**Student:** 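Please find one structure pasted underneath; my questions will follow.
A note on names: the letters A, B, ... follow the listed sequences, proteins ahead of strands, and every chain is numbered from 1. None of these values were measured; they are calculated from a predicted model.
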Protein chains: 2
Amino acid sequence: MTAASAAPRGRPTIIDVAARAGVSKSLVSLALRGSAAVAPASREAILAAAAELGYRPNAAAQALVARSSRTVGVLVLDLHNPVFAEILDGVLAGVRARGYRTMVVTGSDAAQERPELDKLLEFRVEGLVLVSHRLDAATLRAIAAETAVVVATRRDVTGPGIDTVCTDDRAGAELAVRHLVALGHRRIAHLGGGDDPVARDREAGYRAAMAAAGLERQITVLPGGLDDAAGYAAARAALAQRHRPTALFVVNDFAALGALAAVADAGLDLPGQMSVVGFDGTRLSGLRSIGLTSVAQPLADIGRLAAERLFDRIDGRRTRARHTVLPAALVERATTAPPRRPTTTVG
Amino acid sequence: MTAASAAPRGRPTIIDVAARAGVSKSLVSLALRGSAAVAPASREAILAAAAELGYRPNAAAQALVARSSRTVGVLVLDLHNPVFAEILDGVLAGVRARGYRTMVVTGSDAAQERPELDKLLEFRVEGLVLVSHRLDAATLRAIAAETAVVVATRRDVTGPGIDTVCTDDRAGAELAVRHLVALGHRRIAHLGGGDDPVARDREAGYRAAMAAAGLERQITVLPGGLDDAAGYAAARAALAQRHRPTALFVVNDFAALGALAAVADAGLDLPGQMSVVGFDGTRLSGLRSIGLTSVAQPLADIGRLAAERLFDRIDGRRTRARHTVLPAALVERATTAPPRRPTTTVG
DNA sequence: CCGTGTCGTTGGAGCGTTCCAACAACGGCC
DNA sequence: GGCCGTTGTTGGAACGCTCCAACGACACGG
């Protein structure tokens with residue numbers, strides 16, 4: 001009655017293993033998943049047969065019958081920006097720890113994000129981690145209605161089924177300003193990041209901290225951007241001002257590197273004549289030859305925590321959205337110092 | 001006879017759509033894939049029903065029956081190193097262009113790589129791109145026997161079914177040395193990268209170019225490593241030598257940044273008293289505040305080409321392994337200049 | 001010695017899709 | 001006016017797996 005003597009085409013299946021071990025496919029399935037109900041002798045025969053045939057379970061078939069893919073999807077805004085690469089690394093670690101697989105897509109341009117996410121949803125990923133994104137609120141909420149969603153680094157769009165994990169950008173910015181104020185700076189300019197929601201929070205923190213230090217009248221925000229070139233341009237504008245600032249608080253590390261170059265090009269001594277503080281705390285800023293003082297986000301933690309939150313939803317079916325805000329920490333390095341000619345303390 | 005009046009649990013399937021449109025599931029399948037054999041009226045009814053129900057095809061079921069997952073797997077050695085992040089970006093772009101999905105894993109540590117790849121193989125990925133790796137030759141060949149494999153940046157392990165795409169590391173290193181020689185340098189030291197196979201090629205190129213320039217006796221290779229700290233340490237050792245070199249050719253950009261810091265710490269003028277050349281051409285080296293002269297690899301091209309090669313195998317079933325070596329190009333920036341006290345030309 | 005329970009094992013149904021052979025309806029042709 | 005080809009549509013099998021109800025064998029207690 002052993003019918004399966006025909007040569008198995010393609011990869012061996014559970015049935016091929018069963019035929020070889022002389023048992024039924026059901027028992028193979030049981031044994032392969034380590035059921036205690038299988039007799040030791042059968043188990044050994046099955047395991048041996050599987051090894052000999054080079055059997056590998058077919059995840060698609062398992063996903064189909066289990067109605068769960070054991071896979072999560074991740075959208076990364078931009079892999080070139082080390083911030084996102086580092087967060088992604090944390091997400092991958094968190095997902096791996098749970099034995100799930102990860103499908104990663106990047107949103108090359110804003111219009112691509114939706115179709116890429118659709119592909120993930122067709123795979124029935126059990127959840128989605130968005131390492132930043134450019135979706136409008138309605139789209140994001142529609143997606144959250146289909147699957148669990150955790151957004152990392154952004155907190156502006158909320159809704160049922162959308163957890164967020166991010167850094168306290170406001171407080172972080174305040175930290176930067178307080179550090180500079182403590183060093184004796186008064187004319188502290190901010191190089192902004194345009195209409196990016198995260199950048200807005202940092203700007204708000206800057207404004208608040210300046211006001212708290214009694215420096216409302218010194219508040220200067222220069223329109224910048226999130227990359228090297230934008231930081232360079234914004235810093236040039238700052239340095240060209242009538243009352244040149246003695247310190248620059250830049251929206252992120254990437255742009256701060258541009259600012260550093262502008263300071264050097266202007267022939268100013270760093271940090272003697274100009275202090276610079278960045279934001280993100282990427283490994284980049286910590287490189288010896290850069291040594292940028294920066295407000296560090298716990299990047300790997302953000303990634304790992306995002307994964308954890310997702311799994312809370314995947315297995316615990318939690319309903320209320322959770323929003324986690326992690327603290328930022330100032331990392332003092334070589335680009336900040338007291339201003340050379342201390343400003344006279346007024347009133 | 002319309003049985004499916006029961007509320008569909010979970011996501012709608014093709015059968016729910018069929019019931020709603022009043023046709024059979026077969027016709028729905030046909031219509032959804034755009035078959036010309038479907039009557040216009042039916043097509044519209046089906047499309048409308050699918051839209052109303054929010055139907056999404058189930059990729060696992062499709063993969064099962066089609067015996068093809070339309071997914072490729074990617075292993076990335078280390079996301080923290082911008083080189084790999086940039087190549088990954090190219091791979092993702094290439095895969096997306098073909099409408100495939102991508103599963104990405106990182107090999108956190110060497111021992112994890114194999115199990116992670118096993119997970120991908122269980123998903124029946126149709127091919128694998130390894131953006132570097134730490135597998136031994138036997139393991140790699142065993143994997144290549146199961147699925148198409150393209151290795152990016154490494155070329156040392158070959159075998160049937162293994163294509164490689166990488167930069168001409170030897171020639172690139174020669175470019176760097178020739179550049180320094182042309183500037184008038186003679187004492188050019190190399191900060192190596194240990195036993196990494198790519199590092200070995202670069203070292204070989206360094207040795208060859210030095211010999212070709214009649215500088216065999218100046219050849220100095222200092223044991224280093226692939227990161228910032230290793231570059232810093234190696235550079236310190238180089239600078240402490242009796243006959244201090246006037247130029248350093250460093251195994252990669254990441255380590256070169258460490259070397260830059262060591263040069264600055266030693267109080268040497270850069271590039272006046274010490275020139276530094278890196279390798280990789282990551283965006284990092286191009287940042288204004290760094291301006292590292294570097295041998296650039298076409299990183300995005302490597303990624304995209306790796307994806308292309310993989311698809312050649314996936315659909316064309318090509319048998320012979322193909323090895324593509326892309327040219328490197330020297331990008332001259334601010335860290336190289338003629339040596340201040342030109343060495344006297346001998347012989 | 002037969003009923004009952006346990007242990008190990010089994011065939012069949014079902015997951016959501018695609019593919020295929022086959023079918024009904026219909027018009028054109030000889 | 002029966003036959004044929006075309007057009008549009010259909011049910012069933014298959015993909016590889018898991019789950020479930022049910023099975024035979026065996027030991028044990030009444």
**Student:** Can you tell me how far P of C:dG16 sits from CD1 of B:Ile14, to the nearest Å?
**Tutor:** 11 Å
**Student:** Could you state the atom-to-atom distance from CG of A:Leu64 to C1' of C:dG14 in whole Å?
**Tutor:** 9 Å
**Student:** For the pair A:Phe311 and A:Tyr100, name the ring-plane relationship: parallel under 30°, tilted 30 to 60°, perpendicular over 60°.
**Tutor:** perpendicular
**Student:** Could you please name the option among D:dC17, C:dT17, D:dG16 that lies closest to any side-chain atom of A:Gln62?
**Tutor:** D:dC17
**Student:** How close or far is atom P of D:dA14 from atom CG of A:Asn58, stated in whole angstroms?
**Tutor:** 18 Å
**Student:** Report the end-to-end axis angle of the helix from C:dC1-D:dG30 to C:dC30-D:dG1; each axis comes from five terminal pairs, and the value is rounded to 10°.
**Tutor:** 70°
**Student:** Would you say D:dC19 has OP1 or OP2 under 4.0 Å from some side-chain N or O of A:Arg33?
**Tutor:** yes
**Student:** Side-chain donor-acceptor pair under 3.5 Å between B:Thr147 and B:Glu126, yes or no?
**Tutor:** no
**Student:** Could you tell me whether the side chain of A:Leu117 reaches within less than 4.5 Å of the side chain of A:Leu130, counting heavy atoms only?
**Tutor:** yes
**Student:** Taking atom C1' of C:dG16 as reference, at what distance in whole Å does atom CZ of A:Arg124 sit?
**Tutor:** 9 Å
**Student:** Whole-Å distance between C:dT17 P and A:Phe123 CZ?
**Tutor:** 13 Å
**Student:** Please report, rounded to the nearest Å, how far the P atom of C:dG16 is from the CG atom of B:Leu32.
**Tutor:** 15 Å
**Student:** Is the shortest side-chain N/O distance from B:Ser29 to OP1 or OP2 of C:dT17 below 4.0 Å?
**Tutor:** no
**Student:** Hydrogens and angles aside, do B:Arg154 and B:Thr164 bring a side-chain donor and acceptor to less than 3.5 Å of each other?
**Tutor:** no
**Student:** Can you check whether A:Thr13's main-chain N or O pairs, donor with acceptor, with A:Asp16's side chain at less than 3.5 Å?
**Tutor:** yes
**Student:** Any ion pair linking A:Arg322 and A:Asp312 (charged N to carboxylate O, less than 4.0 Å)?
**Tutor:** yes
**Student:** Quick check on D:dG16: is either OP1 or OP2 less than 4.0 Å from any side-chain nitrogen or oxygen of B:Arg67?
**Tutor:** yes
**Student:** Would the distance check show the side chain of B:Arg11 and the main-chain N or O of B:Gly54 forming a donor-acceptor pair, the cut-off being under 3.5 Å?
**Tutor:** yes
**Student:** Among A:Arg313, A:His323, A:Arg309, find the one that has a side-chain hydrogen bond (donor to acceptor under 3.5 Å, both in side chains) with A:Asp163.
**Tutor:** A:Arg313
**Student:** Identify whether the distance between the nearest side-chain nitrogen and carboxylate oxygen of A:Lys119 and A:Glu116 falls below 4.0 Å.
**Tutor:** yes
**Student:** For a quick check, with a 4.0 angstrom heavy-atom cut-off, what is the B/S/- contact string for nucleotides 5-12 of chain D, read 5' to 3'?
**Tutor:** ---SSBBB
**Student:** Rounded off to whole Å, could you give me the CG-to-P distance for the B:Asp16 and C:dC15 pair?
**Tutor:** 11 Å
**Student:** Between C:dT17 atom C1' and B:Ile15 atom CD1, what is the distance in whole Å?
**Tutor:** 9 Å
